[in-house]
Structure formats: structure tokens, C-alpha cells
Enquirer: 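One structure coming up, written as C-alpha cells, with questions to follow.
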2 protein chains.
Amino acid sequence: MQKLTAQRQAILDIINRSDKHWDADEVAFKLKEKGISIGIATVYRGLAALAEQGLIESIQLADKKRYERADKSHHDHLICTECGAIEEFCKPEIETLQDKVAAERGFKIQGHQLLLFGLCIGCKAGES
Amino acid sequence: MQKLTAQRQAILDIINRSDKHWDADEVAFKLKEKGISIGIATVYRGLAALAEQGLIESIQLADKKRYERADKSHHDHLICTECGAIEEFCKPEIETLQDKVAAERGFKIQGHQLLLFGLCIGCKAGES
DNA sequence: TAGCGAATGATAATCATTATCACTATCATC
DNA sequence: GATGATAGTGATAATGATTATCATTCGCTA
């Protein structure tokens with residue numbers, strides 16, 4: 001049984017207070033900044049536990065995992081390959097089509113991940 | 001300028017001859033099996049080069065990259081979280097919606113990745 | 001108060017991937 | 001044919017995110 005310990009509450013608090021997509025290091029740094037001392041392994045375990053309990057959301061990028069607040073409606077992500085900015089979007093029609101695909105194949109969906117890679121409006125403007 | 005060296009041709013040949021989704025280790029093992037000796041770093045570089053040239057396709061999973069033949073029409077993937085099987089599907093309507101989302105935000109799409117996670121038909125049947 | 005399961009923290013280990021570096025192959029040009 | 005420029009190779013060290021280990025500690029319940 002997972003526990004919501006003081007350390008995990010501190011992690012949750014940081015993530016809940018912003019719209020950022022945090023990685024483990026950033027969370028650890030923020031904790032240090034706030035004068036809270038938590039081992040890096042505990043940060044990783046805490047993030048995994050919170051995500052498992054549905055208290056935060058996780059997205060898996062190529063190199064690392066990032067976590068964000070869970071109290072938002074479901075959405076997917078646009079990722080700028082130039083500056084790394086992460087934007088969110090919501091397109092229920094896409095989800096509907098995904099469900100249809102899965103149903104056609106007798107596949108029981110547990111989750112999905114849709115990432116769109118490209119240039120955000122700012123980086124597109126700065127392109128040669 | 002990228003070159004299609006003998007090593008890279010050997011790698012390409014392996015991938016083109018099957019419908020598997022290969023990771024670097026599997027390719028290296030297959031090469032060894034065929035009596036071809038290629039350094040592991042060269043396998044990684046070869047796979048990256050071939051993908052960059054569009055001769056093979058790459059998909060980024062959570063833990064590692066996998067590569068597959070490029071001479072298939074575009075598709076996305078269903079991944080069984082139980083047995084690791086990778087199925088392919090094609091849903092042009094989803095791509096259209098993705099383009100629409102990007103256009104709405106002035107985002108210039110370079111690529112995308114859509115993964116559906118769940119239980120394949122076999123594993124679903126075997127569930128308790 | 002004792003005992004149990006879960007969590008913590010420091011640190012070592014893992015694993016895919018990338019960097020380094022000395023050397024080689026290819027190819028155009030002198 | 002020699003020379004250079006450029007890219008590739010292979011062995012191996014390094015990187016970086018994450019996970020495992022293990023002794024210790026916390027919060028509970030019997």
C-alpha cells in the first residue's frame with residue numbers, strides 16, 4: 001500500500017503549484033531551493049508512486065520522464081524540437097479514433113501517448 | 001554526406017528482410033549470427049544514419065529505440081504491455097486531425113509518434 | 001512495547017546510448 | 001601514383017537517467 005509521506009507531499013506540492021512539465025532533477029533542485037532535503041532516489045520513487053496513484057500525470061519523452069499536474073483535463077503534447085517547449089492540446093476526436101482502432105483488433109487500451117514534434121510558432125519565425 | 005558502407009548495407013539488409021522492430025542489440029546479434037563482425041558503436045551509428053536517410057524507420061519506446069523497414073506505408077503502433085508485442089495500424093483521419101491541431105497553433109510539424117498501450121488480443125484472453 | 005510493512009537516503013549498479021581517439025577507406029584532384 | 005579532405009570504423013571509456021541494494025527509520029496495529 002502506497003503512503004503519502006511528507007516527502008511525497010512536498011513533491012506533489014511543487015508539481016501542483018505550476019503548469020510545468022517537471023523531470024526528476026528539476027523537482028530535486030526545487031526542493032533544495034525550498035530548503036527541503038530529500039534524496040534523489042526518494043524523488044524518483046515519489047514521482048513514480050504519485051503517478052501510480054493518479055495524483056500526477058507522467059509523459060515519457062525520448063530521454064526522460066516528465067511529470068505534470070493531474071487536475072487538468074486529458075490532453076496530448078506538441079514538442080518543439082528547437083527550444084524544447086512543450087505545449088498541450090486536446091482533440092477528443094483523435095481519442096475516439098484510437099478507441100475505434102483498438103476495438104477493431106480486440107486490443108484493450110490501457111493508455112496512449114501522442115507526441116507531435118516540430119517547430120513552435122516562435123522558432124518557426126526564427127528559421128532561416 | 002552520409003555513405004552507404006558495407007556495414008550499413010549489412011544492417012539495412014537485416015532490417016529489410018523482416019517485419020520485426022529491431023533494437024541495436026538484436027541487430028548486432030543477428031550480424032554475429034551471420035558471421036559478420038561489426039562493432040556495436042558502428043551498429044548504433046549505422047542505424048541512426050539509415051534512419052536519417054529515410055532507408056529505415058525508427059520508433060522511440062520508453063527504454064530504447066527500435067527500427068523497422070521503411071518500405072511500408074505510414075503507420076502507428078499498438079504495444080502490448082504484457083508480452084511486448086508490437087502491432088501496426090494506419091488511421092489517416094488521425095493524421096489529418098493532427099495537422100489541423102498544429103495548424104491552429106502555428107506549429108510546423110516535423111513528425112509525430114502515436115503509441116497505444118494495452119493488452120493484445122492474446123494477453124487479454126489470458127487475464128484473470 | 002514489539003513487530004510489521006513501507007519508506008528513506010546514500011551509494012553502487014544498470015543499461016542504452018554517445019563520445020573519444022587512433023586508424024582506415026573512399027574519392028577527387030594535383 | 002601521391003596527397004588531402006571527409007566520413008566511417010572499432011574498441012573502449014564516459015554519460016545520464018533510472019533502479020537496486022541495504023541498513024536504518026517511520027507509522028501502525030496487535
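Residue numbering restarts at 1 for every chain, and letters A, B, ... go by the order of the sequence lines.
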Enquirer: Roughly, in whole Å, what's the span from CD1 in B:I40 to P in C:dT18?
Expert: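 Those two atoms, CD1 and P, are 12 Å apart.
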Enquirer: Mapping B:D23 and B:K3 onto DNA chain C by nearest heavy atom, which one lands closer to the 5' end?
Expert: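 Nearer the 5' end of the strand: B:D23.
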Enquirer: OP1 or OP2 of D:dC26 sitting under 4.0 Å from any side-chain N/O of A:T5?
Expert: no
Enquirer: Name the closest nucleotide to the A:D25 side chain, picking from D:dA17, C:dA7, C:dT11.
Expert: D:dA17
Enquirer: What is the distance, to the nearest angstrom, from the OH atom on B:Y67 to the P atom on C:dA16?
Expert: 13 Å
Enquirer: Think B:T42 has a side-chain N or O under 4.0 angstrom from the OP1 or OP2 of D:dG10?
Expert: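 Checking B:T42 against D:dG10: at least one side-chain N or O falls below 4.0 Å of OP1 or OP2.
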Enquirer: Quick check: closest heavy atoms across A:V43 and A:I11, and the distance to 0.1 Å?
Expert: CA-CD1, 3.9 Å
Enquirer: Nearest whole Å is fine: how far is C:dC15 C1' from B:Y44 OH?
Expert: 8 Å
Enquirer: Is the shortest side-chain N to carboxylate O distance from A:E88 to A:K72 below 4.0 Å?
Expert: yes
Enquirer: What's the closest nucleotide to the side chain of B:A24 if the choices are D:dG10, C:dT8, C:dT17?
Expert: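 Given the options D:dG10, C:dT8, C:dT17, the side chain of B:A24 is closest to C:dT17.
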Enquirer: So, A:K64 and A:E26, do they make that salt bridge, N to O below 4.0 Å?
Expert: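 Salt bridge flag = no for A:E26 with A:K64.
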Enquirer: Within this structure, what is the CD1-to-P distance between A:I38 and C:dT11, rounded to whole angstrom?
Expert: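 Taking CD1 of A:I38 and P of C:dT11, I get 17 Å after rounding.
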Enquirer: Tell me the interatomic distance from A:D63, atom CG, to C:dT18, atom P, rounded to whole angstroms.
Expert: 11 Å
Enquirer: Does D:dG10 have OP1 or OP2 under 4.0 Å away from a side-chain N or O of B:Q7?
Expert: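 Yes, B:Q7 has a side-chain N/O under 4.0 Å of OP1/OP2 on D:dG10.
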Enquirer: If I take atom NZ in residue A:K65 and atom C1' in nucleotide D:dG16, what distance separates them, rounded to the nearest angstrom?
Expert: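 Distance check: A:K65 NZ to D:dG16 C1' gives 15 Å.
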Enquirer: Can you tell me how far C1' of D:dA17 sits from NZ of B:K64, to the nearest Å?
Expert: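 After rounding, the gap between these two atoms is 15 Å.
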Enquirer: In whole angstroms, how far is the P atom of C:dA16 from the CG atom of B:L47?
Expert: 14 Å
Enquirer: So which heavy atom on A:I40 is nearest to which on A:A24, and how close?
Expert: CD1-O, 4.4 Å
Enquirer: My understanding is that only one of A:I14, A:D25, A:D13 makes a side-chain contact (heavy atoms from CB on, under 4.5 Å) with A:K30; could you say which?
Expert: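 Filter result, single survivor: A:I14.
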Enquirer: Is there a side-chain polar atom (N or O) of A:R45 under 4.0 Å from OP1 or OP2 of C:dT8?
Expert: no
